[in-house]
There are 2 protein chains.
Amino acid sequence: MKRAKGFLQRIIQAIKRGPLRMTRKRERLLGALLAMDRPVSAAALRDKAGLPESDLVTVYRTLEAFEGVGIIQRIPLEESGCLFELTEPDDHHHHFVCRECHRTERLDLCLAIELEEQARKLGFTQINHLMEVYGLCEDCQPAAASGD
Amino acid sequence: MKRAKGFLQRIIQAIKRGPLRMTRKRERLLGALLAMDRPVSAAALRDKAGLPESDLVTVYRTLEAFEGVGIIQRIPLEESGCLFELTEPDDHHHHFVCRECHRTERLDLCLAIELEEQARKLGFTQINHLMEVYGLCEDCQPAAASGD
DNA sequence: AAGCATAATGAAAACGACTTTCATAACGAA
DNA sequence: TTCGTTATGAAAGTCGTTTTCATTATGCTT
């Protein structure tokens, strides 16, 4: 639990500010997100929250709603799909992602300023960017030098 | 046409080095890729190469084959899908991508060295990274201050 | 030029992650 | 408690991409 104490309160505030409603499922999903020690897929989140198979659609809808409030960040995977992470609305960062087990580490290195400046010079507006690093984490190294 | 003259030759060399074969369709696809002034989707490439609808699968297979030889770079889009670009095998760069018309500009700014170093420190191997900037290009700006 | 192993193609279906539709249920402000 | 709005559930749909498997083409070897 490496979260600030008021985090949950602020989240609920953020949600109630808009037209969103806090339902039992959303509470469970929020709880599961808070309890996660790493970004998760929608299906993994559903399972963590103890929701049935069929609630995957609710998970997606909830994540979308939370994303609109700025408390969910989406981490694209290399091939397809993405992971979701609970964040403070303006906490900009990227990730190291294990392409095997999807363990992620925070990456606080970013060229955001330069990227946006260059993009603006090219005439782009409404700029955002993607930066993720993929690899195999320590636990997922292929067994080396063995009989294999 | 901003390609080096020997580019096509080198590509064909690279292809023949492996078990790949040069077929008429692959030649057409290669020609279309060379003629493109920007990265394209698989479907757009098929159309540019004058191949029928049903050849989309051939396009994907060809792109995969070419990617294996290192002459194709894949540019992920924000939502889903990706664009393909013909590149020299070791030409590392990223892109500015218009999320509306998919026009792209080259981005030669990268933190590759630092990213990989940090990732290695964390115990990651087989590292690669994704970095793309998305926005609306000049031509795709929403009409401002007009009657709308 | 034939033969032949291997690679490429075509049609069709499968895939996976998500999104939509539409009817029903639940929320929460009044 | 009423009521307008939002959330949910079931089921099907979407989109880009991949797989399967039978058929055809390529290009190295004679």
Side-chain angles (χ1 to χ4, degrees), chain A residues 12-32 39-47 49-69 72-85 97 99 102 132, chain B residues 12-32 39-69 72-85 97 99 102 130 132:
Chain A
I12 294 177
Q13 290 307 314
I15 289 170
K16 301 224 155 169
R17 234 189 306 283
L20 295 189
R21 291 174 184 171
M22 255 333 253
T23 64
R24 197 160 311 157
K25 296 206 171 181
R26 289 188 172 176
E27 272 166 16
R28 298 191 73 159
L29 288 169
L30 201 46
V40 278
S41 68
L45 178 60
R46 172 203 56 197
D47 296 344
L51 299 179
E53 283 267 318
S54 64
D55 270 359
L56 189 53
V57 61
T58 294
V59 175
Y60 279 114
R61 287 194 271 224
T62 297
L63 286 169
E64 188 186 13
F66 287 0
E67 196 177 18
V69 183
I72 284 288
Q73 188 178 336
R74 213 177 265 264
I75 302 158
L77 295 178
E78 260 182 316
E79 294 305 316
S80 76
C82 65
L83 304 178
F84 299 88
E85 174 185 41
V97 184
R99 70 169 66 87
H102 294 172
E132 307 299 336
Chain B
I12 294 177
Q13 290 308 312
I15 290 170
K16 301 224 155 168
R17 234 189 306 281
L20 295 190
R21 290 172 185 173
M22 258 330 254
T23 63
R24 197 160 313 154
K25 296 205 169 181
R26 291 190 169 175
E27 272 165 16
R28 299 192 72 159
L29 288 168
L30 201 46
V40 279
S41 69
L45 178 60
R46 173 202 56 197
D47 297 343
K48 182 85 176 186
L51 299 178
E53 282 267 319
S54 64
D55 270 359
L56 190 52
V57 61
T58 294
V59 174
Y60 279 113
R61 286 193 273 225
T62 298
L63 286 169
E64 187 185 13
F66 286 0
E67 196 178 17
V69 183
I72 283 289
Q73 188 178 336
R74 211 177 268 262
I75 302 159
L77 294 179
E78 259 183 318
E79 294 306 315
S80 76
C82 64
L83 304 179
F84 300 88
E85 173 185 43
V97 184
R99 71 169 64 88
H102 294 171
L130 213 59
E132 307 299 336

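Note on naming: letters A, B, ... go to the chains in the order of the sequence lines (proteins, then strands), and numbering restarts at 1 for each one. Only a predicted model underlies this, so the values are computations on that prediction, with no experimental measurement involved.
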Assess whether side-chain contact (heavy atoms from CB on, under 4.5 Å) is satisfied between T62(A) and T23(A), documenting all intermediate values.
CA-CA 10 Å; T62(A) 297; T23(A) 64; over 6 Å; no
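If you take CG of L77(A) and P of dT17(D), they are 16 Å apart, rounded to a whole angstrom. Atom CZ of R26(B) is separated from atom P of dT9(C) by 5 Å (rounded to the nearest Å). When rounded to the nearest whole Å, the span between CG of L51(A) and P of dG9(D) equals 8 Å.
Under 4.0 angstrom from either OP1 or OP2 of dA25(D) there lies no side-chain N or O belonging to K25(B). Residue T58(B) places at least one side-chain N or O closer than 4.0 Å to OP1 or OP2 of dG10(C). The shortest distance between the side-chain N/O atoms of S80(B) and the OP1/OP2 oxygens of dG16(D) is not below 4.0 Å.
Here the rule is salt bridge (charged side-chain N to carboxylate O under 4.0 Å, His left out) with D55(B), and of R46(B), K25(B), R26(B) only K25(B) fits it.
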A correct 5'-to-3' footprint of nucleotides 19-30 of chain C, with B, S and - meaning base, sugar-phosphate only and no protein heavy atom under 4.0 Å, is BBB----BBS--
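Between its opening and closing five pairs, the helix from dA1(C)-dT30(D) to dA30(C)-dT1(D) changes axis direction by 30°, a value rounded to 10 degrees.
When all heavy atoms of P39(B) and I75(B) are compared, the closest pair comes out as CG-CD1, 3.4 Å.
Counted within 6.0 Å of CD on E67(A), heavy atoms from surrounding residues, nucleotides or ligands total more than 12; the atom is thus considered enclosed.
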